[in-house]
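Step one of this worksheet: look at the structure below.
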Amino acid sequence: MRGGNSSSSRFFTMHHVVFLYFLTVIAGLSISFTEGKIVSQVWKVENQYKSLDCVKKLVISINGMTPGPTIYAQEGDTVSIEVNNFLMNNSSTIVHWHGIRMIGVPWFDGVQKVTQCPILAGDKLQYVFLVDQAGTYMYHSHWGMQKSNGPYGMIVVSPKDGVVEPFKYDHDRSIMLSDWYHKSVEDQTKGLFVPPFTWVGEPQSLLIQGRGRYNCSFASKGSVCQSNNTDCSPYMLTVDAGKTYRLRIGSLASLSALSFEIQGHNMTVVEADGHYVAPFVVSSLYIYSGETYSVLFTANQDPSRNYWMAVNVVARLPNTDTGLAILNYRQNNTTTPTTAPPIGPLWNDTASRISQSLKLRAHPDRIISPPKTSDQKILMLSTENTGEHGLLKWSVNNVSSIWPEYPFLISLKKNFTNAFNQTSSPVTYDYKNYDIYSVPKYPNTTYTNSIYRLKFNSTVDLILQNANTLEPNHSGTHPWHLHGHNFWVMGYGTGKYDPEADLEKTYNLVDPIMKNTVPVHPYGWTVIRFIADNPGVWTFHCHIDAHLVMGMVAFFEEGIDRVGALPNSILGCLKH
Ligand SMILES: *[C@@H]1O[C@H](CO)[C@@H](O)[C@H](O)[C@H]1NC(C)=O
Ligand SMILES: *[C@@H]1O[C@H](CO)[C@@H](O)[C@H](O)[C@H]1NC(C)=O
Ligand SMILES: *[C@@H]1O[C@H](CO)[C@@H](O)[C@H](O)[C@H]1NC(C)=O
Ligand SMILES: *[C@@H]1O[C@H](CO)[C@@H](O)[C@H](O)[C@H]1NC(C)=O
Ligand SMILES: *[C@@H]1O[C@H](CO)[C@@H](O)[C@H](O)[C@H]1NC(C)=O
Ligand SMILES: *[C@@H]1O[C@H](CO)[C@@H](O)[C@H](O)[C@H]1NC(C)=O
Ligand SMILES: *[C@@H]1O[C@H](CO)[C@@H](O)[C@H](O)[C@H]1NC(C)=O
Ligand SMILES: *[C@@H]1O[C@H](CO)[C@@H](O)[C@H](O)[C@H]1NC(C)=O
Ligand SMILES: *[C@@H]1O[C@H](CO)[C@@H](O)[C@H](O)[C@H]1NC(C)=O
Ligand SMILES: *[C@@H]1O[C@H](CO)[C@@H](O)[C@H](O)[C@H]1NC(C)=O
Ligand SMILES: *[C@@H]1O[C@H](CO)[C@@H](O)[C@H](O)[C@H]1NC(C)=O
Ligand SMILES: *[C@@H]1O[C@H](CO)[C@@H](O)[C@H](O)[C@H]1NC(C)=O
Ligand SMILES: [Cu+2]
């Protein structure tokens with residue numbers, strides 16, 4: 001009894017302190033965060049040697065784990081995470097809460113040069129935010145390309161008590177998918193920014209829940225590769241025969257678009273980016289970096305053997321072995337399936353990837369109707385460009401974003417009018433004369449550090465267009481992610497979007513899915529619609545790390561005058 005009492009009083013005290021802190025932070029805002037519980041974690045972010053794909057590497061762990069701890073919360077809860085930066089070499093960090101809208105606290109969105117000053121080595125920052133929507137989300141570093149070295153994890157938000165989801169399952173599990181490089185993030189970044197340009201290349205391994213397997217006979221000289229290291233023993237999902245599992249799958253791949261399958265088991269897609277989907281069955285699920293899905297599967301196959309779970313690269317010519325995990329029927333302890341692992345769908349079967357995109361519709365009982373029209377349309381052509389000294393850049397409308405000295409949100413609130421180009425930047429591209437099927441004639445990039453100033457509460461359409469890259473007969477796939485919002489996916493098309501061709505009549509106004517990340521397929525377009533009703537400055541970017549840091553990013557300001565006073569905890573870089 002004694003023990004129970006003392007631990008519950010500690011519990012209370014801790015929450016009390018957090019709550020007081022939080023009240024201070026949101027003072028002046030009329031939003032009530034107090035109805036739910038407070039979910040707190042204290043994180044130690046540090047460098048550790050791990051052999052996630054059997055090759056020893058200095059990775060970034062959170063509380064010793066890579067991926068980091070899963071955050072479990074319930075809709076309406078307040079999440080409070082104290083991030084302690086113990087990284088080596090004076091490395092800063094910043095954490096982004098991917099898919100969470102950060103209502104009332106845009107300064108905790110966690111984006112370098114946009115929403116806050118960095119958390120310096122030896123320093124800490126407490127992020128406090130409301131999780132206002134049930135579903136599957138993620139967190140990850142948003143400091144340069146640091147994310148690709150391991151600091152990421154899942155956020156699982158259950159519905160409010162008494163709210164029934166439109167599907168049933170017995171057990172809830174989650175896995176994080178990622179790709180993995182042996183080169184350090186510092187060397188990768190140097191290759192991109194310092195001549196001669198060196199592309200990051202295809203990843204060495206694919207990880208499922210932080211575990212992969214590199215063939216040690218190919219390990220480079222001087223590296224340590226141990227195929228019996230327990231860090232790289234495959235993730236095992238143990239199931240009971242006859243039960244139905246909800247598997248939450250997130251991808252934070254640095255580069256790769258992926259397919260995921262469970263040998264011998266079909267999957268029913270029921271959730272995407274926190275929104276319920278009109279269910280459909282797949283044998284293989286395509287997932288782009290920044291997306292989350294929930295699938296249901298039933299353990300209804302021969303339980304006397306185990307099955308591979310496999311990820312493969314799609315949308316780029318693969319040069320990476322299949323990433324493997326094991327579906328283990330509890331009755332059987334034979335760990336490694338004796339069958340060959342699935343090789344996945346053809347990497348260049350674009351039609352089947354578009355087909356999955358088109359199947360994603362809102363669940364009929366959970367439709368949130370979009371506004372019928374928009375107030376503003378912004379055409380965004382994804383371009384690969386050349387910079388000075390032969391460096392490649394990735395851009396929007398041939399304009400590569402450069403990161404400002406001070407975070408945009410801070411400059412805007414402090415009226416630092418010299419901190420960035422004050423012209424609102426709806427640069428467009430000459431869609432009439434642009435040939436999306438050819439290597440661009442004028443690929444030189446220009447640079448900007450201006451942002452889009454959106455009218456508060458207006459409805460905005462982003463028309464995302466893909467074209468030929470600098471390589472003949474080649475167009476990429478870009479997963480675009482919007483911070484601070486859910487958007488409706490209004491439509492996809494192949495070829496060039498012509499704003500004068502009344503393509504709006506092809507939009508899905510009936511049951512469009514809402515998401516926060518969406519792919520734009522090769523030589524195609526995707527249109528998304530959102531309401532600019534969340535005061536703050538929000539990042540919109542390609543979720544491929546190298547593309548992001550090289551400039552394929554835009555920033556939207558809306559309702560800046562409604563943003564409350566910035567907390568001192570994010571202003572560290574202004575102190576001097
Ligand atoms: C720190 O810097 C040293 C020297 O440049 C390098 O060898 C080491 O790998 C770096 N450590 C990390 C974690 O980046
Ligand atoms: C560490 O980084 C901070 C911020 O960039 C800088 O002010 C400081 O001088 C650096 N310290 C060392 C020891 O390099
Ligand atoms: C590793 O590669 C070698 C050489 O190609 C091959 O003989 C071996 O079967 C591979 N090992 C595994 C586990 O795939
Ligand atoms: C792992 O393999 C190495 C040889 O590659 C061997 O020296 C070591 O003892 C093995 N470790 C374990 C735990 O089996
Ligand atoms: C998976 O779905 C396909 C197509 O609907 C079907 O042909 C196949 O039999 C299913 N497989 C299993 C194991 O249920
Ligand atoms: C486990 O699987 C192996 C190989 O498939 C089989 O020989 C064995 O009988 C199974 N054991 C049980 C308890 O089902
Ligand atoms: C293996 O079998 C033992 C005893 O039958 C059981 O306790 C254990 O959970 C099984 N392991 C797995 C991975 O299923
Ligand atoms: C897909 O790629 C393979 C090589 O991996 C190639 O042989 C095939 O022609 C390609 N198919 C299409 C439709 O481009
Ligand atoms: C593009 O950039 C290259 C290298 O910086 C330069 O030589 C060339 O003149 C530029 N072309 C145009 C059209 O500006
Ligand atoms: C910034 O400018 C706005 C509008 O001119 C003004 O209301 C506000 O007080 C200024 N803020 C600061 C910190 O100077
Ligand atoms: C500021 O941005 C606008 C629109 O993007 C651009 O036209 C203008 O040249 C930029 N000004 C400077 C000084 O870079
Ligand atoms: C935003 O627009 C909607 C629809 O026009 C309106 O009902 C709502 O009151 C507006 N909200 C704010 C905060 O202006
Ligand atoms: Cu991209």
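First listed ligand is number 1; within each ligand, the first listed atom is number 1.
- The shortest N/O to N/O separation between Arg562 and ligand 12 does not fall below 3.5 Å.
- Among pairs with a residue in residues 361-379, those fulfilling salt bridge (Lys or Arg N to Asp or Glu O under 4.0 Å) read Arg361-Asp511, Lys377-Glu504, at least two apart in sequence or across chains.
- Two rings, from Trp97 and Phe129, have their centers less than 6.0 Å apart.
- By the 30° and 60° cut-offs, the orientation of the rings of Trp403 relative to Phe555 is perpendicular.
- Here is the list of ligand 3 atoms found below 4.0 Å of a heavy atom in Asn215: 1 (C), 2 (O), 3 (C), 8 (C), 10 (C), 11 (N), 12 (C), 14 (O).
- Proximity to Ser217 (heavy-atom distance under 4.0 Å) selects the following atoms of ligand 3: 1 (C), 2 (O), 3 (C), 4 (C).
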For residues 458-465, run the donor-acceptor check on the side chains, cut-off 3.5 Å, and write out each pair with its distance to 0.1 Å, sequence neighbours left out.
residue : atom : partner : partner atom : Å
Ser458  : OG   : Lys455  : O            : 2.6
Asp461  : OD1  : Arg529  : NE           : 2.6
Asp461  : OD2  : Ser374  : OG           : 3.2
Asp461  : OD2  : Arg529  : NH2          : 3.0
Gln465  : OE1  : Tyr497  : N            : 2.8
Gln465  : NE2  : Gly495  : O            : 3.0
Gln465  : NE2  : Gly524  : O            : 3.4

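- Near ligand 9, residues Asn444 each place a heavy atom inside the 4.0 Å sphere around the ligand atoms.
- Ring planes of Tyr307 and His265: perpendicular class, angle over 60° (limits at 30 and 60°).
- Defined by atom type and a distance below 3.5 Å, a donor-acceptor pair is present between the side-chain atoms of Ser395 and Thr445.
- Glu202 meets the salt bridge (charged side-chain N to carboxylate O under 4.0 Å, His left out) test with Arg316; sequence neighbours excluded.
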